[in-house]
Each structure stands twice: as C-alpha cells, then as structure tokens.
Amino acid sequence: MTDTIDSPALRAWLHEFARRVAENSDHLTALDSEIGDADHGSNMDRGMAAAAAAIDSDPGAEPGQLLKLVGRTLVSTVGGAAGPLYGTLFLRMAAAAGDAGPLDAAGFAKALHAGLDGVMVRGRAEVGDKTMVDALAPAVDALEGELAAGAALDVALAAATTAAAAGRDATADRVARKGRASYLGERSIGHQDPGSASATLLVEAAAATLGTAADGQA
Amino acid sequence: MTDTIDSPALRAWLHEFARRVAENSDHLTALDSEIGDADHGSNMDRGMAAAAAAIDSDPGAEPGQLLKLVGRTLVSTVGGAAGPLYGTLFLRMAAAAGDAGPLDAAGFAKALHAGLDGVMVRGRAEVGDKTMVDALAPAVDALEGELAAGAALDVALAAATTAAAAGRDATADRVARKGRASYLGERSIGHQDPGSASATLLVEAAAATLGTAADGQA
Amino acid sequence: MLPTATPMRKFLNDPGDAVRDSLVGLAAAHPGVLRYDAANGIVVRADGPVPGKVGVVSGGGSGCEPLHTGFVGPGMLDAAAPGQVFSSPVPDQILAATHAADTGAGVLHIVKNFTGEVMNFEMAAELAADDGVAVEAVVVNDDVAVLDRPGTAGRRGLGGTVLVEKIAGAAAERGQALDAVAAVARRVVARVRSFGVGLSSCTPPVAGRPIFTLPDGEIELGIGISGEPGRQRVPLRSARELAALMVDEVLTDLAPAPGAPVLAMLSGMGGTPSSELHLLYGELDRCLREAGVEPVRRLVGNFITSLEQSGAALTVLELDDELISLWDAPVHTSALRWGM
Amino acid sequence: MLPTATPMRKFLNDPGDAVRDSLVGLAAAHPGVLRYDAANGIVVRADGPVPGKVGVVSGGGSGCEPLHTGFVGPGMLDAAAPGQVFSSPVPDQILAATHAADTGAGVLHIVKNFTGEVMNFEMAAELAADDGVAVEAVVVNDDVAVLDRPGTAGRRGLGGTVLVEKIAGAAAERGQALDAVAAVARRVVARVRSFGVGLSSCTPPVAGRPIFTLPDGEIELGIGISGEPGRQRVPLRSARELAALMVDEVLTDLAPAPGAPVLAMLSGMGGTPSSELHLLYGELDRCLREAGVEPVRRLVGNFITSLEQSGAALTVLELDDELISLWDAPVHTSALRWGM
Ligand SMILES: Nc1ncnc2c1ncn2[C@@H]1O[C@H](COP(=O)(O)OP(=O)(O)O)[C@@H](O)[C@H]1O
Ligand SMILES: Nc1ncnc2c1ncn2[C@@H]1O[C@H](COP(=O)(O)OP(=O)(O)O)[C@@H](O)[C@H]1O
Ligand SMILES: [Mg+2]
Ligand SMILES: [Mg+2]
Ligand SMILES: [Mg+2]
Ligand SMILES: [Mg+2]
C-alpha cells in the first residue's frame, strides 16, 4: 500500500472505525453515564453500523461520495450531539475531498482539518471545552505537522493517534463548558469526555488502516 | 388483689395491652408485611395509644363506660380491618358489662365471649379462617372451661394465654380465607396471621394484670 | 423485628403526617375543584353540595392516589374519605363525607371489597341511617386474580372502582334518583374486571421499608393496590407476553359478547412511567382486538396506584350506549377532566 | 466496561424498539387526538394540519414523556419529533414534523437548550428553509441550576418548555401570525425558571442499568431531564426544607415583581407518585406565598420526566393577563386537557 487514499482505503478506515465503536460501545456509554446520559456508545454504534451498511450498498462510490454518504447517514441515525457533529465532520471532509478521486496524504489531512473546523463551528466549541474537539484538534495538528516535516502517512497517523489519546486523557482534568457535562460544572472534573474517546477511536482506526505500515498492522 | 375486676383492674389491663402493642408494633407490622400491607402494628399502636389516653382523661369511668370508650376510640382511630373488629370487641364487652359496676371472673369471661361473637359477626369469620378469631376463640374457650371447672381467674387466664398462643401459632399452617391474606391463596401458608398475634397480646396482658397472681407478676 | 430502615427517599416531612400533608397540597393545587376538611379528614367538592343531587361518596386507604380524592369534583365524587396509608378510613370520616354530600336526595357509597373498607363503610352507613340519611352501598369486586371461593372474603375492588365513580357520578350529576344511580353503578360492577402485575414493591411512609423484596428478574402477577405480593411470582417476560396473559385473565372471566365495545383502562401503579404504560397499552389493545372486543374508550395513566410501586393493571368494562354516554359526560376533577 | 446488567424490570419488548413500541401504544390509546407516522418517526395531530394556522413543532429525546408527544393536539403542538431515549431527534424527523405542520403560515420550532437538540433543529431549519418553509425557532433555557457563564452551552430547557408549548399553541390556535406566536413564546422563555431535585437514578432501556448510584440518604440537586446527576449531591432533607430551597433557587433568579401572579408547575420525574408530588406542592405553594408571589395557576403531575426517576422539578412563570388567557384557552392533548 502507498500513501494514496483511494475508495477501498477509505472503506477500510470507516469499517475499522465502525468495528472499534462497536467493540467499545459499552465503554463509551459508561463514560457518558458518568457525566452525560449514558448513550454515547449506543448512539455511535447505531450510526456507524448504519454508515457501514450504507457504504457497502454503494460499492461504486468515489471518496467524496463515500464521505458524504457516511456524514448523511450519521446525521440521520445518531441524533443527540454526536449526530450533527460527526455528521458535519464527514460532510465537510466530503466537501474538501470533492469529486477529485483518490486523496494523497496532504489532501486527507486537509479534509480532516475541514471536518474539524465544521465540528467547531456547529458546536461552537474551542479546544479545552472538554469535547471531542480536544482529541481531534491535536490529532489534526500532529498529522499536518508530521506531514509538513516530511513524514510518511503511517508515521504521521501514529503521531496523530498519540496526540488524540493525550488530548482525550487531558479532558479528565477539565471542567466541561459544552455538551451535557457542562451542566455538572466542577463535578465534571475527573471524568474523561466520551466524545474525545470516540474521536480517538476514529484516529486510531485511520492509523490502523491508512498508509504503508497499515499493511502489516490491519 | 381478688378475682373482682373493677375499673382500676381494667385500666391496668388496657394500659398493659397498649404497652405490649407498642413494644411489638414493628413485629406486628413485619408479620403484616408478609401476607398483608405492613400496617397492623402501626394501626394497633395508633389506636391503643389513643385508647390509653382516652381512659386516662376520664378517670371516673366505670367498667362498662371504660370499655365503650376504648371501643369507640379504636373505631375512630384505627381504620382498616382491625379498627372495626377490635372496636366491636370492646363495644360488645361494654354492652355485656352494662352499668353493673365491677365484674366477677365469670362476668369478665362472658363479656369477652360477647366481644368474640361481635368480631365474628362483623368480620363474617369462622375459626380456621386464619384471623384474630383463631387466637381469641380458643382463649375464650379455655377461660370459660377453666372457670367452669372451678379454677381461679389467674389460672384460667394463664390457660387462655396458652390457648391463644397455640391458636396464633396454628395460623401459620392455614390458608387465609378472610382479610387481605386471603388474596394470596395458597401463598399465605407458612406465615402467622398478624391479628392473631395482637389478639394473643390482649390475652397475655389480661393474664399479666387481672386475677390474684397478677399482683406478683405485673 | 424489622431490619433498620434505610432513609426513605420520598418527599416527606414527618412520616406520620404524610396523608394530611399530601391533602393540604392537593387542596392548594386544585382550589377551584375541591376543599380539604382537615377537621373531619375528608375531601369535598369546592362547589358542593349540589342541592337536590344524589351524593356520591367513596373512600379507602391512602396510597392509591389519585383514587379517591383525585376524583372529587363535578361529574364524579361529592366527597372522599381517605384513610391512613393502605388502611380504610374510619366510620367518623365516612359519616362526615356522607353528611357533606347529602342534600336530602340520599347518598351512594362506593366501596371496594376490602374487609376493612366494607366494615368501616357498614358502620358509617348504620350511623348515617340513624341520622336519617338514605344510603345505598355498591361494593366493587373486579379483581380476577383472587379466586372467588365461598367462605372467603371474595375479590378485591381495583380499577373498576374508578369507572364506577365516573359513571355513577355522571348519573347523579344528570339528576337521577338514588336507586337509579345505584343501579347503574351495579351494572358497571357486574361488567368490569381487572388484573394487575407488579414489577417492584413499594415503601409505606410509616413502615419505612419495602413491603417485600423481588429477586432479580422476577415479577408478581395478580397484585392488588396495597403493595402486597400478588397471586404468583413468575419470571419477568416481555410486554407482549404480559399483555397476552393480562387480556386472557380478564376476558376469560368477563366473557364479553363477541365484538363487544369495551372501555380499556391501563392504570400504572405509581412508579411506572407513561412511556412504559403506553408501550404496554399498545400490546393490550392489539390483544383485545385479536380476542374479538373493541376498545372504543381508553384510559392510560395513573388512576389507581400503590404509592411508587412499578407495575400496571388492566381493567376492562363491557359497554353499552348508556354507559358510553355516562362515561363521555363532562367531568372536572384533579385527576380526570374533559368536556369542561 | 459496564457491570453485567441485571434484568430490567420494565414493560418492554426488545429494548431497541422501546421508543417505537411506546409510540404505537400512544397512538392506540388516543386515536382521536394524534397519529403516529412511523415512517417518519413523528407524532402529528389527528385533525391536522389546520389550514392557515401557524404550525407549532417541538421534539427532543424520548424518555421525558409526556413531553413532547403527549402535548400534540388541538391548542398545543401540531407535531412532535421524538428521538431515541435521551437523544435528540435527527434533522429528518424534525423536517418531516415541520412539513406536517406547515400550511403556508410558517412553523415555530420550540427547542430545549441541549446541544444535541439545538444542532439538530438548526440543521432541520436549514433544510426547511431550502424547501421554502418559514421557520422561527425559540430556545428554552429555564434551568437555574446551571451557571450561565459565557463560553458555555448555557442553561438547559426544562419544565418551561411545557408552558411555552401550551401558550404558543394557544396563540397559534387563535390565528396569530408566526412572528406574534414566536414573540409570545419568547416572552414565556424570558419569565420562566425551573429547578429539579432527583431522589434516584433511572435506567435507560438500551443501557440496561441505572445511570448513577445514590448512596442511602443522599439526593441530587439541580438535575435535568436525562437522568444525569445534578449540580450537587446533598443529604436527604424534609419536603419542607427542599421546598424552601427550590423556591429560593427559582425566585432568586427570576426576581418577579412583588405580589406577581405566577403559574407554578411541579412536575414529577416519572417515578414519584401523585401523593408525594402534592405533599411537596403544598410546601412549595406556602413558600411561594411567603416569598410574595401568588400561584394563580397550578399544575401538579408528570409533565416532563426522566423515565422512572424519583424526583420533581419546580417551574415558575411570571404571568400577565395575556399569558393567563392563553394558558386558560382550551387544549386537548393526551396529557393536558381542559375546556374541551
Ligand atoms: N458543543 C459541542 N461541541 C463539540 N462536541 C460536543 C459538543 N457538545 C457535546 N459534544 C461531544 O458530544 C459527546 C456526547 O455525545 P452523545 O452522548 O452521543 O450526545 P448527547 O450528549 O446528546 O447524549 C460529548 O462527549 C462531547 O465530546
Ligand atoms: N373478616 C375478618 N374477621 C376477623 N379478623 C379479620 C378479618 N379480616 C382481617 N382480620 C384480622 O385483621 C388483621 C389485619 O389487620 P390490619 O392489618 O390492621 O388491617 P388491614 O388488613 O385493613 O390492613 C388480620 O391479620 C386478621 O387477623
Ligand atoms: Mg449522551
Ligand atoms: Mg394491614
Ligand atoms: Mg391496612
Ligand atoms: Mg443523549
């Protein structure tokens, strides 16, 4: 495999994300039961199962169409906060990918950055608000930074994963300012944000499926 | 003390019953929670506390008036099944005692028998239906039998207590046919009837306060 | 001895004052509908008594709210006598309620067939008769879970009581005489049946602990309205299976005419939320239709309860034109209201 | 990982079908009032849409019944979009509800200020605008338990939502134009505040276990409507003390005019019985009067809930003549009915 991200590579990534969400569904829900409403795992699992089915039923879809299909499916099936946010992430990635066919590593990073921007606009969230943005933003930074420094996609994605996980872990120390956890005020401290955990799975799934090294790992 | 039951003796009996009911209130309620609605102890305690207060506030009352006051107070304060039943017991005892002043042993037994009859008519219950009648009826039988055989009141009341307790214990083996426990059908087997337990306290209180021997015991 | 009670999680002051405090609140919440006569321990219609109208009175142990106090008001009860929690009211209360409802046309007593309630209402009726008030009593005994064997206390009065109160109340409001009001009430008693299912116990305020403990995954079939265990403890099953069982219990006993119009009431026991009640009602409605009766009137909510118990009871009344018209008549109580 | 769930004691078939099955039952129970459009996952007025009338639409996570589906009907909502339990509906549902309610006069969206609901309603409004439907959105944020700091998601929408739906529904029923209906809804939002107290957790059907565990003798202050913990965990106290605290929280923030007429709503969270709610209401009514406001309209019952959670929330709306008249206007929904 090369650093070119074509439709089959994207499908592998999305299926792997769906698989990890399903595997961690109870964990995500448990996190959400600490500072939310105990549904983030089931929300994401319902949505990604539907998204995986949707892309399977459209085998000819090009990268842009594929991402759009995932975004629309998430918007239509997830509900709650995560639906519009993950939906927007993929819809903005789709818009960035356009109709141009396979993406290169920089194109993928740019699309993910556009997705992050979409999430931040839709959710009116900043880094440090204790949301999925706290995992996604450092991951996008790391990915772009490594690629700019000449790293291969697999190396860059590994760095992104580390950054996402660190961002996720750091949410535990923060007071939530957005989402349901914000209603708890100071009581939200000491609990990891569930959306930052699912966002980390998204980056991990990318590292496991995209780029040269993924061949051996996936 | 003699076998003459005057107003102070009746007061001692009724206070002793009130005391035993208060002491056993949780136990009676626990029995009622097995096959009823978990209130027999609090019902009886509320009623007998009120009855004790009522007779204290009427220090001049003669036996008949005293028993009537207790009956009326129980009817007015207990509610449920126990209120009309214990109320009727004392109201019928009052009617049997009449205005004649102190009772002798036979007169007391006759009054208690009249009370039992009143309970059975009001409740339409037979011996064996798993109710307070199962303790009261054998107690009245024993009391009358012993007195007829020439025993002193204290001896007769001791026998009545034994009979009441045996009747109470035997309720555990029966299927309830009256009261709330009857709704359980076969499931009522294995549980003692709460009303038979409170009725046994009534007889025990009599044995502890009435008749010659009571002087040493009470 | 009872195990030490853990603190009850209830909105409560002194547990012994629970009934009174709750009635004070009921009156504060519905001043145009009812009044709480604290001296007599009864609840009466705010605009009553209505001259010339037959009085309709009920009562029973507290803890089953809105029964009966929540059904006081135009088109239903003139007065209600609430007892202590799960204990019948005393004759004094019932007598006071009877006098409060009487304007010379007589008073109907609607009595649930619980030993305590029957005896206390009987004593009150004797006292009312002494006072010259004409009283008719109707005893409701709609619970099919209890085997109605000779020599027993018979069946309990459950959800059928709500329907008797509504329909007799409407007949009285229309100006019908005491014997006619009693007759229609007895027609309802003859054609109504109920069956309840308990998913948890409940905690009476004074007792301070649950009445019984249900092992995980088990439920009680054939419960009443005092939080007591039911006829049988069985494994939990799906709403679909429970509905089939409930409809079978009720219809087997009622034996309605094929295609009969029925009123189906599903009352929660107090702790079951509206979403679950409606879910169960959906299954019941289907089962009733499959069994060949048509629920032309329906009532789903908390109408006769056991404190905060989880569970629900199905009540089915076979209807005719007169009963439908009396059911549809306007009513304005704190718990049931339409047409006004 | 979650501990193994003990079997839930709920009326339920497949937990994943809970919302749909419950809506099927809701429609079966109230066929004259509402319809369940299963294809679009929405509930609509049985007699709607009403030509020329502004449509009033709301929606939100399920589990808070009767909110919103129980408020569909004449005088209140034209359509409601119920999401999964405690999850906002998706834009498709809200869009379908918007189209079902629109007859050309435009549609009011009543949105509770939860991140998910705000975002999904925003997406739906963008799609509706593409379709040429005039949409106004009103965001309800009445929860005084949440500190309303800049940069945060702000306050939740709680019981005030019920009052906005009733009052905006009445304004629309009177034929007012979209901007007028939106304006009166915003007036309600400006003058309404709520504060909730939780005495237990609740168990979402799909999660299958309680959201949190409360130690004996402790309660949660400042809860919302998704069964989540509140602002603070404190020892249980008497109804009298809780009422004082709730009234203080609400009135300190609302700062009503001295002697102001208010509407006081006490909504149970689903598992608290009517007797406890009325007991607490009695204390609240007294505290409100002592604080110098007069509850001239009152509503006590389950109107906005969290499944079977025990607890209750106080909502206070400062009234004026227009709001009183819109409140009193006839309404006929499955959960709120008067005047018809
Ligand atoms: N305004 C926001 N911006 C970004 N992310 C958010 C925002 N609000 C919530 N989130 C994310 O959504 C997650 C919750 O998702 P989920 O539980 O599915 O939805 P809900 O909170 O509606 O139940 C949170 O853990 C958080 O990461
Ligand atoms: N018909 C009856 N005849 C005689 N005693 C009865 C009858 N019904 C009930 N009892 C007695 O009353 C007792 C229950 O009293 P209590 O718990 O105070 O009243 P309730 O059953 O109304 O809650 C039973 O244990 C039984 O002994
Ligand atoms: Mg959540
Ligand atoms: Mg009892
Ligand atoms: Mg009782
Ligand atoms: Mg949610």
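None of the values given here were measured: they were computed from a predicted structure. Per chain, numbering begins at 1; letters A, B, ... match sequence-line order.
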**Asked** Under 3.5 Å, is there a donor-acceptor pair linking the side chains of S196(A) and D134(A)?
**Response** no

**Asked** Measuring heavy-atom distances to chain A, does N113(D) have an atom under 4.5 Å in its side chain, in its backbone, in both, or in neither?
**Response** backbone

**Top of D39(A), V78(A), N43(A), L184(A) for chain D proximity - count of heavy-atom pairs under 4.5 angstrom** = D39(A)

**Message:** Quick check on the interface: out of D129(A), L85(A), L31(A), who has the most heavy-atom pairs with chain D under 4.5 Å?
**Reply:** L85(A)

**Complete:** When the 4.5 angstrom heavy-atom criterion is applied to T88(A) and chain D, the contacting part is side chain

**Message:** Please rank P229(D), G227(D), P89(D) by heavy-atom pairs under 4.5 Å with chain A and give me the top one.
**Reply:** P229(D)

**Message:** Go through it in stages, so that I can follow the logic: the residues are Y183(A) and D143(D), the test is side-chain contact (heavy atoms from CB on, under 4.5 Å), and I'd like the CA-CA distance, side-chain angles, deciding distance and then a yes or no.
**Reply:** CA-CA 10 Å; Y183(A) 308 136; D143(D) 179 12; 5.8 Å; no

**Complete:** The side chain to side chain contact (heavy atoms under 4.5 Å, CB included) partner of S194(D) among V140(D), V144(D), D142(D) is D142(D)

**Request:** Measure the acute angle between the ring planes of Y86(A) and F17(A), then classify it against the limits of 30° and 60° as parallel, tilted or perpendicular.
**Result:** tilted

**Request:** Check whether the ring centres of F86(D) and F114(D) lie less than 6.0 Å apart, and answer yes or no.
**Result:** no

**Prompt:** If you tally heavy-atom pairs under 4.5 Å against chain A, which of R155(D), R233(D), Q93(D), E117(D) wins?
**Reply:** R233(D)

**Message:** Using side-chain heavy atoms (C-beta onward) and a distance below 4.5 Å, is M132(A) in contact with L202(A)?
**Reply:** no

**Asked** Between E186(A), E34(A), R180(A), which residue shows the highest count of heavy-atom pairs closer than 4.5 Å to chain D?
**Response** R180(A)

**Asked** Between D99(A) and E62(A), does a side-chain contact (heavy atoms from CB on, under 4.5 Å) hold up when you go through it step by step?
**Response** CA-CA 8 Å; D99(A) 300 328; E62(A) 285 300 301; over 6 Å; no

**Note, Q309(D) side chain near I211(D) side chain (heavy atom, < 4.5 Å)** = no

**Message:** For S76(A), which atoms come within 4.5 Å of any heavy atom of chain D: side chain, backbone, both, or neither?
**Reply:** both

**Message:** Quick check on R122(A) against chain D: is it the side chain, the backbone, both or neither that has a heavy atom closer than 4.5 Å?
**Reply:** both

**Complete:** With chain A, the option among V118(D), V85(D), I223(D), T115(D) that has the most non-hydrogen atom pairs under 4.5 Å is T115(D)

**Fill in**
Highest number of heavy-atom pairs under 4.5 Å with chain A among G83(D), G61(D), G230(D) belongs to G230(D)

**Item:** Part of N120(D) within contact of chain A (heavy atom distance under 4.5 Å)
**Value:** both

